[in-house]
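Structure first, then comments.
All values derive from a computational prediction rather than experimental measurement.
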Amino acid sequence: MEIRKIVTVVEETRKDGEKMVTPPTRKASVAAVIKNPFAGKYVEDLTELMEYGEQLGEMLAKQGVKALGIAKEEVNSYGKGVIVGEKGELEHAAAILHPRLGKPFRAEVGGGKAIIPSAKKLGGIGTGIDVPVHFKDAAFVRSHYDAMEVRIPDAPRADELVVAIVVTASGRPHPRIGGLQKNEIKGEDGLR
């Protein structure tokens, strides 16, 4: 796998609306800009990209937890996304995200029974993607429904992929729409 760059961003929200956020909410994105080995051609077997996903699941999640400065078990929410450069296919993103990325990602965030929400899109240099996140052990915890924008000014080039993960140390600032609370989850089925 050829990695051109890795970009890590930590967002800390201290005030939302007219109220201070105490403690501040924190989320981190880690994105790798990689060469797409299948750019500009149709290839039936996408195993190589699946293997990249496995490697990136571990590498990016480990960096995200480190960026937040927390223990991996303290990760609250997670999500993943890929932007495919114009010479690639949407299926290239699917090959990275779905077959093998999840298991090592979960290992680096101390578990995760809920499905890892994802997004994928095609785009040129500077395209952004909103990576959705939710609580890692119970997807129906409304206080943790959120997203983080990932945008790299010089990527993806036509023959590149931007592969991103997002991890959080909390839910949204000032959650108050009701529903299942984090302290009420059973964590048995990844939903509730």
Item to complete: Under the side chain to side chain contact (heavy atoms under 4.5 Å, CB included) rule, collect the residues that match up with Lys62, sequence neighbours excluded.
Response: Glu58, Glu108
Item to complete: Can you establish whether the number of heavy atoms outside Glu184 located under 6.0 Å from its atom CD is more than 12?
Response: yes
Worksheet, complete the sentence: Heavy-atom nearest pair, Asp16 first then Thr13, reads CB-CG2, 4.3 Å
Fill in: Of all pairs that satisfy ring pair (Phe, Tyr, Trp, His ring centres under 6.0 Å), the ones with a partner from residues 130-161, not counting sequence neighbours
Phe135-His144
Worksheet item: For the side chain of Lys19 and the backbone of His174, is there at least one donor-acceptor N/O pair under 3.5 Å apart?
Response: no
Please tabulate, for side-chain N and O atoms in residues 151-158, each donor-acceptor pair with protein atoms closer than 3.5 Å (sequence neighbours left out).
| from | atom 1 | to | atom 2 | distance (Å) |
| --- | --- | --- | --- | --- |
| Arg151 | NE | Glu149 | OE2 | 3.2 |
| Arg151 | NH1 | Gly126 | O | 2.6 |
| Arg151 | NH2 | Glu149 | OE2 | 2.4 |
| Asp154 | OD1 | Lys5 | NZ | 3.2 |
| Asp154 | OD2 | Arg4 | NH1 | 2.9 |
| Asp154 | OD2 | Lys5 | NZ | 3.1 |

Response to the item:
Correct closest heavy-atom pair for Gln63 and Thr8 would be CG-OG1, 3.6 Å
Worksheet entry | Pairs touching residues 63-86 that satisfy salt bridge (charged side-chain N to carboxylate O under 4.0 Å, His left out), sequence neighbours left out | none
Fill in: Ala71 to Val65 - nearest heavy-atom pair and separation
C-CG1, 4.1 Å
Practice prompt. State, to 0.1 Å, how close Gly85 and Leu122 come at their nearest heavy-atom pair, and which atoms those are.
Written response: O-CD2, 4.4 Å
Fill in: Connected via hydrophobic side-chain network under 4.5 Å: Ile70 and Ile165
yes
Fill in: Residue pairs, two or more places apart or on separate chains, that pass salt bridge (charged side-chain N to carboxylate O under 4.0 Å, His left out) and touch residues 25-48
Glu11-Lys27, Glu12-Arg26, Lys27-Asp146, Lys35-Asp159
Fill in: ILVMFWY cluster, Val162 and Ile34 together (side-chain gap under 4.5 Å)
no
Worksheet item: Who else is in the cluster with Val21 when I, L, V, M, F, W and Y are joined by side-chain contacts under 4.5 Å?
Response: none
Worksheet, complete the sentence: For Lys182, the side-chain hydrogen bond (donor to acceptor under 3.5 Å, both in side chains) test, sequence neighbours excluded, returns Asn76
Practice prompt. Using a 4.5 Å cut-off on heavy atoms from C-beta on, say whether the side chain of Thr25 contacts that of Thr168.
Written response: no
Discussion item. Show me the pairs that pass salt bridge (charged side-chain N to carboxylate O under 4.0 Å, His left out) and involve residues 165-180, at least two apart or across chains.
Written reply: none
Item to complete: Looking only at non-hydrogen atoms, find the nearest pair between Gly88 and Asn36 and report the distance.
Response: CA-ND2, 3.8 Å
Worksheet item: Leu68, Met59: one ILVMFWY side-chain cluster at the under-4.5 Å cut-off?
Response: yes
Practice prompt. Would you please name every residue forming a side chain to side chain contact (heavy atoms under 4.5 Å, CB included) with Val9, sequence neighbours left out?
Written response: Val7, Ser29, Met148
Discussion item. Working to the nearest 0.5 angstrom, can you tell me the gap between Ser77 OG and Asp137 CG?
Written reply: 10.0 Å
Practice prompt. Give the cluster check for Ile96 versus Val33: same hydrophobic cluster or not, with ILVMFWY residues linked at side-chain heavy-atom distances below 4.5 Å.
Written response: no
Discussion item. If the condition is side chain to side chain contact (heavy atoms under 4.5 Å, CB included), which residues does Ile129 pass it with, not counting sequence neighbours?
Written reply: Ile83, Ala119, Lys121, Val131, Val150
Worksheet item: Nearest 0.5 Å, what's the CD1-CG distance between Ile6 and Leu60?
Response: 6.0 Å
Worksheet item: Around Ile115, counting heavy atoms of other residues, nucleotides and ligands shown, do more than 12 lie under 6.0 Å from its CD1?
Response: no
Listing, residues 97-107 side-chain donor-acceptor contacts under 3.5 Å, not counting sequence neighbours, or none:
| from | atom 1 | to | atom 2 | distance (Å) |
| --- | --- | --- | --- | --- |
| His98 | NE2 | Lys120 | NZ | 3.0 |
| Arg106 | NE | Gly112 | O | 2.7 |
| Arg106 | NH2 | Ala114 | O | 3.0 |

Response to the item:
All heavy atoms of Val133 vs all of Gly79, minimum pair found to be CG1-N, 3.7 Å
Practice prompt. Verify the cluster assignment for Leu161 and Ile125: are they in a single hydrophobic cluster under the rule of side-chain heavy atoms below 4.5 Å apart?
Written response: no
Discussion item. So, taking the atom named CD in Glu89 and the one named CG in Leu49, what distance separates them when rounded to the nearest 0.5 Å?
Written reply: 9.5 Å
